[in-house]
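Please read these numbers as outputs of a predicted model, since none were measured by experiment. The residues of the chain are indexed from 1 along the displayed sequence.
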Amino acid sequence: MVVLALTSLMVFGQVPSAGPTRSGARAEAVQYLYPEQITIPAGKAAPIAMHFRVAEGLHINSHVPKDEFLIPTELSIPDSSGVRLEAAEYPAGKEFELPVEPGTKLVVYTGEFTIQAKIVAQPGDHMVEARLHYQACDANACLPPKTIKVPIDVIGK
């Protein structure tokens, strides 16, 4: 019963997002840091390290969470972008114990983390809007799942 209540809280619970910024907009729970532009050989798989930061006080589930009801973190690139995501290697998550359920451990990302991607670009300049899908939580509740845009200019030469 406690696990079911905890599951509902984690999946459907909401907490306020980071406070308003000076512009009045709310900060994202996860921010894409860099790179902004890369040049790779056209038609060949090339490695790219994509750097992200989770807002302080929050965590997101790893790519392979411990329980099937948890939302995994996933990187994708739209098929129509001229760039194909061949593979993505996600970092190992860190264990996080829920204060409301001692003994229940999650595997999460906090702070800065890097996804090692292999991409293939067609010749030319492609303004790609990759996507990172995740669910951010604090120690007590979770925000709804979200997908952020990850803008990167990929030049295939």
Side-chain angles (χ1 to χ4, degrees), residues 2-23 25-38 40 45-79 81 83-121 127-154:
V2 172
V3 172
L4 182 59
L6 179 60
T7 301
S8 296
L9 176 65
M10 292 206 48
V11 174
F12 301 110
Q14 293 188 16
V15 295
S17 63
T21 62
R22 289 185 186 174
S23 68
R26 294 192 176 264
E28 294 288 349
V30 178
Q31 178 184 15
Y32 177 61
L33 301 176
Y34 61 94
E36 293 177 4
Q37 182 181 63
I38 61 165
I40 62 173
I48 175 176
M50 303 177 78
H51 300 266
F52 298 87
R53 178 184 303 129
V54 179
E56 189 173 331
L58 297 176
H59 62 268
I60 62 174
N61 293 313
S62 72
H63 177 64
V64 186
K66 282 192 171 189
D67 291 309
E68 65 183 47
F69 66 86
L70 298 173
I71 309 279
T73 295
E74 290 188 278
L75 177 70
S76 64
I77 294 178
D79 292 336
S81 68
V83 176
R84 178 173 47 87
L85 178 63
E86 186 171 281
E89 188 175 312
Y90 297 83
K94 299 175 185 171
E95 281 200 350
F96 176 78
E97 188 169 318
L98 291 169
V100 295
E101 184 69 28
T104 299
K105 293 185 180 179
L106 306 175
V107 180
V108 302
Y109 301 139
T110 59
E112 292 189 16
F113 68 97
T114 303
I115 297 173
Q116 301 291 336
K118 281 192 180 174
I119 61 173
V120 178
M127 191 57 209
V128 177
E129 284 193 348
R131 295 184 175 99
L132 186 74
H133 184 72
Y134 64 88
Q135 184 170 29
C137 306
D138 68 8
N140 300 306
C142 293
L143 294 163
K146 181 156 188 171
T147 301
I148 60 168
K149 292 180 181 175
V150 179
I152 184 166
D153 186 13
V154 179

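Scored by the side chain to side chain donor-acceptor pair (under 3.5 Å) test, Q116 finds no partners at all (sequence neighbours excluded). Residues that satisfy the salt bridge (charged side-chain N to carboxylate O under 4.0 Å, His left out) test with E86, not counting sequence neighbours, are R84. The salt bridge (charged side-chain N to carboxylate O under 4.0 Å, His left out) test applied to E89 returns no partner, not counting sequence neighbours. Among residues two or more places apart in sequence or in another chain, the side chain to side chain donor-acceptor pair (under 3.5 Å) test is passed with R53 by Q31, E112. Qualifying side chain to side chain donor-acceptor pair (under 3.5 Å) partners for E97, counting only residues two or more places apart in sequence or in other chains: none. Remark: K146 engages E28 in a salt bridge (charged side-chain N to carboxylate O under 4.0 Å, His left out) (not counting sequence neighbours). A search for salt bridge (charged side-chain N to carboxylate O under 4.0 Å, His left out) contacts involving K118 returns nothing, not counting sequence neighbours. For Y134, there are no ring-ring contact (aromatic ring centres under 6.0 Å, His included) partners two or more places apart in sequence or in a different chain. In this view, P47 satisfies the side-chain contact (heavy atoms from CB on, under 4.5 Å) rule with no residue, not counting sequence neighbours. Remark: H133 pairs with no residue by the ring-ring contact (aromatic ring centres under 6.0 Å, His included) rule, at least two apart or across chains. For F96, the ring-ring contact (aromatic ring centres under 6.0 Å, His included) partners are H59, not counting sequence neighbours.
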Exercise for the section: Could you walk me through whether F52 and Y109 pass the side-chain contact (heavy atoms from CB on, under 4.5 Å) test, one step at a time? Expected result: CA-CA 10 Å; F52 298 87; Y109 301 139; over 6 Å; no
Exercise for the section: Give the C-alpha distance, both sets of side-chain angles, the deciding distance and a yes or no for side-chain contact (heavy atoms from CB on, under 4.5 Å) between I48 and V154. Expected result: CA-CA 10 Å; I48 175 176; V154 179; 5.8 Å; no
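Proximity of a side-chain donor or acceptor of Y34 to a complementary backbone N or O of Q37 within less than 3.5 Å is not detected. Remark: side-chain polar atoms of Q135 are paired, donor with acceptor, to backbone N or O of L143 under 3.5 angstrom.
The shortest heavy-atom contact between T114 and P91 is O-CD, 3.2 Å. Nearest approach of V83 to A121, heavy atoms of both residues: CG2-CB, 4.0 Å. Summarising the geometry of A136 relative to A29, their closest heavy-atom pair is CB-CB, 3.5 Å, with the distance given to 0.1 Å. In terms of heavy-atom proximity, H51 sits nearest to Y32 at O-CD1, 3.4 Å.
Remark: I119 CD1 to M50 CE distance equals 7.5 Å, nearest 0.5 Å. The distance from atom CG of L132 to atom OG1 of T147, rounded to the nearest 0.5 Å, is 8.0 Å.
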Just list the side-chain donor-acceptor pairs under 3.5 Å for residues 63-79, sequence neighbours left out, or say none.
from	atom 1	to	atom 2	distance (Å)
H63	ND1	T73	O	2.8
K66	NZ	E95	OE2	3.3
T73	OG1	N61	O	2.5

